[in-house]
Amino acid sequence: MEDKNFIRKIIEDDLQSGKHERPITRFPPEPNGFLHLGHARAIIMNHVLAKDYDGTFYLRFDDTNPLTEDTLYVEAIKRDIAWLGCEWDELFFASDYFDIMYERAMLLVKKGLAYVCDLSAEAIRKTRGDLTTPGEESPYRDRPVEENVRLFEAMKNGEFADGEKVLRAKIDMKSPNMNMRDPVVYRIQRGRHHNTGDKWCIYPMYDFAHPLEDAIEGITHSLCSLEFEDHRPLYDWFVKHCEMENVPRQIEFGKLKIANQIVGKRNIRQLVEKGVVDGWDDPRLVTLSALRRRGVPPEAIHNFVRALGLPKSEGETELHMLDEYIRDHLKVHARRIHAVTDPVKVVITNYPEDKVERLQAPFNRENEALGMRELTFSNTLYIDREDFLEEKPNKKWKRLSLGLEVRLMHAYFIKANEVEYDADGRVETIYATYDPKTKSGTGFTERKPNGTIHFVDALTAVPAEIRLYGNLLEDTDSDKPIEARVNKQSKIVKQGFIEGSLTPETGESYQFVRTGYFTVDDDSTEGSFVFNRTVALKSSFKPKK
RNA sequence: UGGGCUAUGGCCAAGAGGUUAAGGCAUCGGACUUUGACUCCGACAUCGGUGGUUCGAAUCCACCUAGCCCAGCCA
């Protein structure tokens, strides 16, 4: 796929000018939550941009805050990225660099570019000024270098309580860029780190740690999102004054935002805790694990992300755009089978009661490699309730009605003659007759049927739970609390049937002919399958009243 | 109100002085069809606004408007 974007241009220029021989990129997640669709842009683009130029792509966990991080998340993140197919050349942890980070911070101290500040968090906030008024310098700003050296070392050695002191960069309290107003470089924070345990009680802040991590790894192009543009001067300041050998370049791009979707970790957590969704991988969510469970092929996510490119503007993409890439991939890769989600019984009155025919049918006409399967046909079948209407509603109706003849896909023409209703007045059984001359594959052309519908033979039908998903949010008014916006119909569970002689496995996607793509859920048990609707088929059928 | 960004059709998005303003999604026609799917044809913008520079501007300049981000010892 051809994706044009300004970062690709920058890389090409850098390669041509000889600034770099090969690009080195990285995806630097903090292991404190699940990855979602929005992250896919960063992961895929970093990976693609490296690989397209024979470069290197790293996965680096930005684990500089032990209070929020957990190995549980590093495992989940690794699993999701691997699933996306973005193999990393090497795996790193920012915490592996704590020694060198400390050493470089000490260098800053010795150069008089950083100082230990005794102000409380509250006091620092108050003296930082605001958007329009400059900040005031800390009374500790001019501490002698020797004292700073001693104090910073004491901080590291655990001689102070959490929050008692911080190390700050000495830059400019009057800068219009808030990030340059003597930002905190190290804070004291006791808590067991998932990787380094109790070795440290001081941890570097993102603004200091990130540029060093990039420089240490030799990252050439450090991609991040727009909100870090203001941090770039600081990024460059640290790389320069810490005297890092490699000088990475930070480049910002716009985040991938999906319209009307819940993406924030706290919001998702809330939905999980309140039981609105069934977990972080509830198929209605857009976490990568949820998409995987719903059956979205990683290839579809790649194509989607690459089609969107890497803009510097910020828009909201509609999720249905992804649907098209899902269908596009599944179209040739999925086997197509018959399934009914809302079964209505059809009895073929002129078909011998004890007769069973075996019909051969290809799994996918557009992909012969998927092979053939066998459908059975007997006098009792199921069709979908919406494929029958007692009276033909309009000339466009291409399904079954009394007196009309339709083709049962891969089988015969049948004509509906009578209906039987249940106590509630719902269609219970349709009595029909078939025409043996119309068997599929015989080239019968004497009559045109009113349409073609699918069926499942009752004799071999396998029960299946079919979960249909709709948008989790029904209200686009983002001012309302999330709970007030959830769509109660976002998950509908149906009990239906799929054709027999199949052996669906968890994660396998099928096209249910004429309805959509469905993927086998892990909740399936032997003989009773559970399918998640991945995406519906498109339809130009517009029922009009 | 200080600073940093962004602004191209319903939704994304190419475009970097001279192109008929790519492409995708959506939509609307139509053909085909043993999936109302697929496929195939066809329709669908003068580029936030206003001035300017130029033979010529979405592309350069000025001003204006709108939106996003920044005042964590989060990342």
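Each chain gets a letter, A, B and so on, in the order the sequences are listed, and its residues count up from 1.
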**Request:** Would you please say whether a donor-acceptor pair under 3.5 Å links the side chains of A/Tyr115 and A/Asp182?
**Result:**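 The criterion, which ignores hydrogens and geometry beyond distance, is satisfied for A/Asp182 and A/Tyr115.
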
**Prompt:** Can you tell me how far C1' of B/G3 sits from CD of A/Glu229, to the nearest Å?
**Reply:**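 Between C1' of B/G3 and CD of A/Glu229: 12 Å.
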
**Polar side-chain contact A/Asp230-B/G3 base: donor and acceptor under 3.5 Å** =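 Between B/G3 and A/Asp230, which were checked side chain against base, a qualifying N/O pair under 3.5 Å is present.
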
**Request:** Using a heavy-atom cut-off of under 4.0 Å over every strand shown, decide if A/Gly441 touches base, sugar-phosphate, or nothing.
**Result:**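 If one applies the 4.0 Å heavy-atom cut-off, A/Gly441 turns out to touch a base.
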
**Message:** Strictly below 4.0 Å: does A/Lys312 bring a side-chain N or O up to OP1 or OP2 of B/A7?
**Reply:**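 Answer is no, no contact under 4.0 Å.
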
**Prompt:** Where does B/G72 fall, syn or anti, if syn means a chi angle no more than 90° from 0?
**Reply:**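 Because its glycosidic torsion lies within 90° of 0, B/G72 adopts the syn conformation.
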
**Asked** Tell me, do A/Ile383 and A/Leu400 make a side-chain contact under 4.5 Å, heavy atoms counted?
**Response**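 The answer is yes, as the side chains (C-beta and beyond) meet within the 4.5 Å cut-off.
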
**Separation between the P atoms of B/C5 and B/C11, rounded to whole Å** =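 Approximately 26 Å lies between the P atom of B/C5 and that of B/C11.
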
**Prompt:** Any ion pair linking A/Asp172 and A/Arg181 (charged N to carboxylate O, less than 4.0 Å)?
**Reply:**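 Looking at A/Asp172 together with A/Arg181, the answer is no, because their closest N to O distance does not fall below 4.0 Å.
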
**Proximal nucleotide (of B/G3, B/C70, B/A26) relative to the A/Pro176 side chain** =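 Among B/G3, B/C70, B/A26, the one nearest the side chain of A/Pro176 is B/G3.
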
**Message:** Assess whether a salt bridge exists between A/Arg232 and A/Asp236, defined as any Lys/Arg side-chain N lying under 4.0 Å from an Asp/Glu carboxylate O.
**Reply:**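 No, this pair does not count.
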
**Request:** Classify the side chain of A/Arg399 versus the base of B/G36 as yes if they form a donor-acceptor pair under 3.5 Å and no if they do not.
**Result:**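 It does, because a donor-acceptor pair links the side chain of A/Arg399 to the base of B/G36 below 3.5 Å.
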
**Request:** Can you tell me the distance, in whole Å, between the CG atom of A/Leu319 and the C1' atom of B/G10?
**Result:**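 Spelled out: CG on A/Leu319 to C1' on B/G10 is 17 Å.
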
